[in-house]
Amino acid sequence: MKKDKEILKKVTALKEELAAVSEAHLEACMNKANALLSSLYQQYDFTRTIVHMDMDAFYAAVEMRDNPSLANIPMAVGGEDMLSTSNYIARRYGVRAAMPGFIARKLCADLVIVPTDMAKYSAVSRVIRSVLSQYDPNMTPLSLDEAYMDFTDHLVKRRELDDQSRTFPEFSETMCRCEPEERLGVVSSTEGISSAVGDGVADVPNLNEDNLQNSVATDDTRILPSATNSDTEPSEARIMKDTTVSTDTSQCPRCNMPHNPKRILFDVGVEDAVREMRHRIHLKTRLTASAGIAANCLLAKICSDQNKPNGQYMLPFTVDAVQDFMKDLPVRKVPGVGKVSERQLAAFDVKVCSDFYKHRDVLYFLYSGGMFEYFLSVYLGLGANRLSKNEDGPKSKSVERTFRGMSDPDQLRTLCHELSLELAEDLKSAKNLQGKTVTLKIKLVTFEVKTRSQSLPTATNDGEDIYNVANQLLTTEMKNCSSKPLKLRLMGVRMSNFTTSDSKQQKLKVIRDTNSTPSDKRISFLDKIEAERKSEKVNQSCNEPLGLLAYMSTDKPIGTTSNISNAGRNVSTKLSSVWDESGDVTTRKTGKIIELLEGASNTDPWSLADSTSSSVATIPSDSTVKTATKYGPLDFYRSSKSGALDPWAKDDSSSLGGF
DNA sequence: TACATACAC
DNA sequence: TATGGTGTATGTA
């Protein structure tokens with residue numbers, strides 16, 4: 001409603017812009033687009049076979065599995081405030097994920113809402129992943145219930161597998177569904193599996209089939225008809241007619257259920273491989289999955305949605321098939337095109353992917369280069385066909401909480417403190433991550449969202465450090481709109497800009513000192529820094545430009561920008577935070593850290609010009625400069641005898657910040 | 001770097 | 001009866 005208006009406003013603005021543009025300009029846009037198109041066209045690559053698998057209504061399916069009374073009624077998983085997912089019955093009423101519970105109830109009065117149990121879903125997810133890994137050890141999960149796999153290598157190996165390795169028991173609730181684990185010749189670690197069992201998947205008889213003589217009953221094996229087209233049928237439907245039921249009623253020693261004499265043999269082709277994978281997920285979890293098979297991730301992902309639930313779809317590996325498939329695909333199905341983009345694009349008559357082509361001149365004009373290229377590549381059906389290796393840790397960590405309108409500053413501060421401490425704990429348990437950028441997020445009662453961030457010169461994960469920054473940002477915000485009360489419905493704290501083993505990140509270190517600090521203390525602080533560096537196992541050479549951090553005491557607020565001139569060169573700096581003797585961040589309102597990123601000279605005095613006060617300060621020439629040749633940055637501090645010469649004394653004589 | 005948006009799950 | 005939490009990417013300034 002209100003959102004719609006904003007989108008509309010943006011669209012009309014864009015339309016006006018478009019109307020004002022000359023035809024010649026649009027023609028130029030068309031030419032550019034065509035040029036890009038022909039270069040993109042070169043990029044087709046059908047050498048890999050990518051599979052995207054997606055569990056059907058995952059959370060809801062798990063809950064239905066574990067509580068059969070939920071199986072035939074509309075239900076959803078989540079809270080009254082927000083649903084995570086709904087089962088297919090509830091979907092018929094329009095009940096969807098990301099829908100608040102009270103709206104869902106309006107749509108479906110009988111809706112049963114089951115609370116989320118992430119621990120359980122994680123456990124199930126581990127079991128699923130153990131299956132997926134056997135088809136691609138480098139499988140990359142997108143979430144608990146979704147993953148990409150590159151089947152290329154498996155398909156090669158698969159041709160060498162004997163029938164037995166491609167044979168699995170039929171699914172039956174009341175019979176043994178165990179299978180030998182290593183039959184595909186892929187060593188699978190069973191640790192994850194065994195820990196998952198008992199945890200969250202107690203209902204699955206026994207998933208921990210380490211190996212076993214639970215071999216295949218070959219006489220009763222059904223051969224799948226070789227699949228020629230995309231499969232929409234549930235795998236059970238493929239089981240062949242009636243066969244004599246075996247008289248083998250021996251029990252499985254692991255799950256204590258009778259062996260199922262009925263077996264399914266899966267073929268060596270791609271589609272059977274994927275059907276087999278889905279079947280094995282079903283055997284192990286009693287849950288169904290859908291899958292897409294295509295030449296790249298983009299297509300595979302779109303395809304997995306095609307025959308959902310409990311189906312799969314393969315897009316043939318030819319340019320024609322791909323283009324034909326994309327032609328009529330609604331843009332909304334494209335990953336990355338959400339509600340807003342859909343509306344926006346629709347306003348310019350772009351509804352299906354071929355419209356990306358049809359209106360390429362207009363789109364070229366309207367969108368950024370990156371977005372435009374994405375649109376065209378989507379139109380062509382191009383996408384990554386190597387799975388990214390997920391090797392970098394998280395790029396940010398955050399904690400946020402929604403509550404009922406709150407405006408009391410003390411309460412807000414308390415909350416901010418709690419969030420900061422929580423975040424700190426998260427960071428510590430996440431490989432002791434340390435970050436430099438703290439972001440405060442607030443959502444007003446009006447649903448307006450604001451983020452305010454501030455970067456520190458050094459990384460931290462200390463709760464109080466984080467709070468100091470977050471609270472500073474919060475205070476600024478509260479002051480900033482003091483006319484109104486600043487009523488919030490959400491507050492969040494995020495840390496980003498994590499320190500990596502990159503030399504870049506370790507370029508700068510802080511040296512600080514006060515004149516009240518005896519020199520031994522100063523030295524111990526230097527030692528501390530030194531020790532820190534050693535512990536970070538740095539062995540970078542000194543190719544970086546010399547850097548320096550100086551400390552100055554002031555009452556300027558954080559965020560004040562200053563210009564420092566170093567040998568005639570201006571370097572813009574920003575007041576960011578204050579350290580005490582131990583190097584810990586303590587105060588936020590007084591003090592100043594100045595970073596000089598380049599051009600440090602270790603002999604000349606530095607002159608400092610504060611842009612806000614126009615005052616000029618000069619570092620006395622008796623300053624002592626230390627060079628840390630091994631690590632790159634220049635360490636700089638002044639000898640103890642600063643005295644009256646200290647140019648910064650005028651800023652705050654009480655805590656005279658000497659070097 | 002700071003901020004707003006959009007998006008996915 | 002009143003709309004979540006976590007994380008990523010991108011555009012823009």
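In the text below, chain A, chain B and the rest are named by the order of the sequence lines, each starting its count at 1. Values in this document were obtained by computation on a predicted structure and should not be read as measured data.
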Visitor: Could you tell me whether the side chain of A:N461 and the main chain of A:L433 form a donor-acceptor pair under 3.5 Å?
Guide: yes
Visitor: Less than 6.0 Å separating the ring centroids of A:F365 and A:H25?
Guide: yes
Visitor: Rounded to whole angstrom units, what separation is found between the CZ atom of A:R332 and the P atom of B:dC7?
Guide: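 Whole-Å distance recorded here is 7 Å.
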Visitor: If the condition is salt bridge (Lys or Arg N to Asp or Glu O under 4.0 Å), which residues does A:R105 pass it with, not counting sequence neighbours?
Guide: A:E80
Visitor: Rounded to whole Å, how long is the line connecting atom CD1 of A:I113 with atom P of C:dG4?
Guide: 14 Å
Visitor: So, does A:S396 get its side chain near the phosphate of C:dG7, meaning an N or O under 4.0 Å from OP1 or OP2?
Guide: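 For C:dG7, neither OP1 nor OP2 has a side-chain N or O of A:S396 closer than 4.0 Å.
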Visitor: Compare the minimum distances between each of C:dG7, B:dA4, C:dG4 and the side chain of A:T451, then state the nucleotide with the smallest one.
Guide: B:dA4
Visitor: Which atom pair, heavy atoms only, marks the closest approach of A:T439 to A:S453?
Guide: OG1-CB, 3.3 Å
Visitor: Do you see a donor-acceptor pair shorter than 3.5 Å between the side chains of A:D54 and A:S304?
Guide: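 No - no donor-acceptor pair under 3.5 Å links their side chains.
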Visitor: Toward the 5' end of DNA chain B, which comes first, A:L144 or A:K10, by nearest nucleotide?
Guide: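 The answer here is A:K10.
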Visitor: Where the side chain of A:K450 is concerned, which of B:dC9, B:dA4, B:dA6 is the nearest nucleotide?
Guide: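 My answer, after comparing the listed nucleotides, is B:dA4.
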Visitor: Which residues, if any, of residues 365-377 of chain A bring a heavy atom under 4.0 Å of DNA chain B?
Guide: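 Of all residues in residues 365-377 of chain A, none places a heavy atom under 4.0 Å from DNA chain B.
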Visitor: Show me the side-chain donor-acceptor pairs of residues 368-379 of chain A shorter than 3.5 Å, one per line, residues at least two apart or across chains.
Guide:
| unit_1 | atom_1 | unit_2 | atom_2 | d |
| --- | --- | --- | --- | --- |
| A:S368 | OG | A:M371 | N | 3.3 |
| A:Y374 | OH | A:P335 | O | 2.7 |
| A:S377 | OG | A:E373 | O | 3.3 |
| A:S377 | OG | A:Y374 | O | 2.9 |

Visitor: Determine all donor-acceptor pairs shorter than 3.5 Å in which one atom belongs to a side chain in residues 81-92 of chain A; sequence neighbours excluded.
Guide:
| unit_1 | atom_1 | unit_2 | atom_2 | d |
| --- | --- | --- | --- | --- |
| A:T85 | OG1 | A:R91 | NH2 | 3.3 |
| A:S86 | OG | A:V95 | O | 2.8 |
| A:N87 | OD1 | A:M75 | N | 3.2 |
| A:N87 | OD1 | A:I89 | N | 3.3 |
| A:N87 | OD1 | A:A90 | N | 2.8 |
| A:N87 | ND2 | A:I73 | O | 2.7 |
| A:R91 | NE | A:S86 | O | 3.1 |
| A:R91 | NH2 | A:S86 | O | 3.2 |

Visitor: Between A:R65 and A:T285, is there a side-chain donor-acceptor contact under 3.5 Å, judged purely by atom types and distance?
Guide: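 Looking only at side-chain atoms, A:R65 and A:T285 do not form any donor-acceptor pair under 3.5 Å.
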Visitor: Going by side chain to side chain contact (heavy atoms under 4.5 Å, CB included), A:V469 matches just one of A:N471, A:L473, A:I466. Which one?
Guide: A:L473
Visitor: Just N and O in the side chain of A:S84: are any of them under 4.0 Å from OP1 or OP2 of B:dC9?
Guide: no
Visitor: Quick one: which of B:dC9, B:dC3, B:dC7 gets closest to the side chain of A:V340?
Guide: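 Among B:dC9, B:dC3, B:dC7, the one nearest the side chain of A:V340 is B:dC7.
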Visitor: So, is A:K397 near the phosphate of C:dG7, with a side-chain N or O under 4.0 Å from OP1 or OP2?
Guide: yes
Visitor: Distance check needed: B:dC3 C1' versus A:L473 CG, whole Å only.
Guide: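 Distance, rounded to whole Å: 12 Å.
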Visitor: Scan residues 437-447 of chain A against DNA chain C and write down, sorted by residue number, each residue with any heavy atom closer than 4.0 Å; if none is found, say none.
Guide: A:K443, A:F447
Visitor: Is the distance from OP1 or OP2 of B:dA4 to the nearest side-chain N or O of A:R452 less than 4.0 Å?
Guide: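 So the side chain of A:R452 is within the cut-off, an N or O lying under 4.0 Å from OP1 or OP2 of B:dA4.
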Visitor: When all nucleic acid strands are considered with a 4.0 Å heavy-atom cut-off, which category describes A:E146: base, sugar-phosphate, or nothing?
Guide: sugar-phosphate
Visitor: Taking atom P of B:dA8 as reference, at what distance in whole Å does atom CG of A:D305 sit?
Guide: 12 Å
Visitor: Would you mind telling me which of C:dT6, B:dA4, B:dA2 lies closest to the side-chain atoms of A:S453?
Guide: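 Between C:dT6, B:dA4, B:dA2, the one nearest the side chain of A:S453 would be B:dA2.
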Visitor: Working to the nearest 0.5 Å, report the span between OG1 of A:T451 and CG of A:L440.
Guide: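 It comes to 8.5 Å.
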Visitor: Any side-chain donor-acceptor pair under 3.5 Å between A:S143 and A:D145?
Guide: yes
Visitor: Look at the side chain of A:R404 and decide which nucleotide, out of B:dA2, C:dA2, B:dC3, has an atom nearest to it.
Guide: C:dA2
Visitor: Would you say a side-chain N or O of A:S398 is under 4.0 Å from OP1 or OP2 of C:dT6?
Guide: no
Visitor: Please give, in whole Å, the distance from B:dA2 P to A:Q472 CD?
Guide: 13 Å
Visitor: Listed in order of residue number, which residues of residues 87-111 of chain A have a non-hydrogen atom at under 4.0 Å from DNA chain C?
Guide: A:A98, A:P100, A:F102
Visitor: Quickly work out the A:M82 CE to C:dG5 C1' distance and round it to whole Å.
Guide: 10 Å
Visitor: Which one, C:dG5, C:dT8, B:dC9, comes nearest to the side chain of A:R401?
Guide: C:dG5
Visitor: Measure CZ/A:R489 against C1'/C:dT1 and give the value in whole Å, please.
Guide: 13 Å
Visitor: Name the residue closer to the 5' end of DNA chain C, choosing between A:R494 and A:F403 according to the nucleotide with the nearest heavy atom.
Guide: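 Final value for this comparison: A:F403.
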Visitor: Could you check how far CG of A:D426 sits from P of C:dT6, rounded to whole Å?
Guide: 8 Å
Visitor: Return the pairing partner of B:dT5 with a 3.5 Å limit on both distances, Watson-Crick or G-U wobble; otherwise return none.
Guide: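 Answer to the pairing question: C:dA9, which forms a Watson-Crick or G-U pair with B:dT5.
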Visitor: Taking only the side-chain heavy atoms of A:K395 (C-beta and beyond), determine which of B:dA2, C:dT8, C:dG5 contains the nearest atom.
Guide: C:dT8
Visitor: Any sub-3.5 Å donor-acceptor pair from A:S125's side-chain atoms to A:L144's backbone N or O?
Guide: yes
Visitor: More than 12 non-hydrogen atoms from neighbouring residues, nucleotides or ligands closer than 6.0 Å to NZ on A:K106, yes or no?
Guide: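 Incorrect, the count does not exceed 12.
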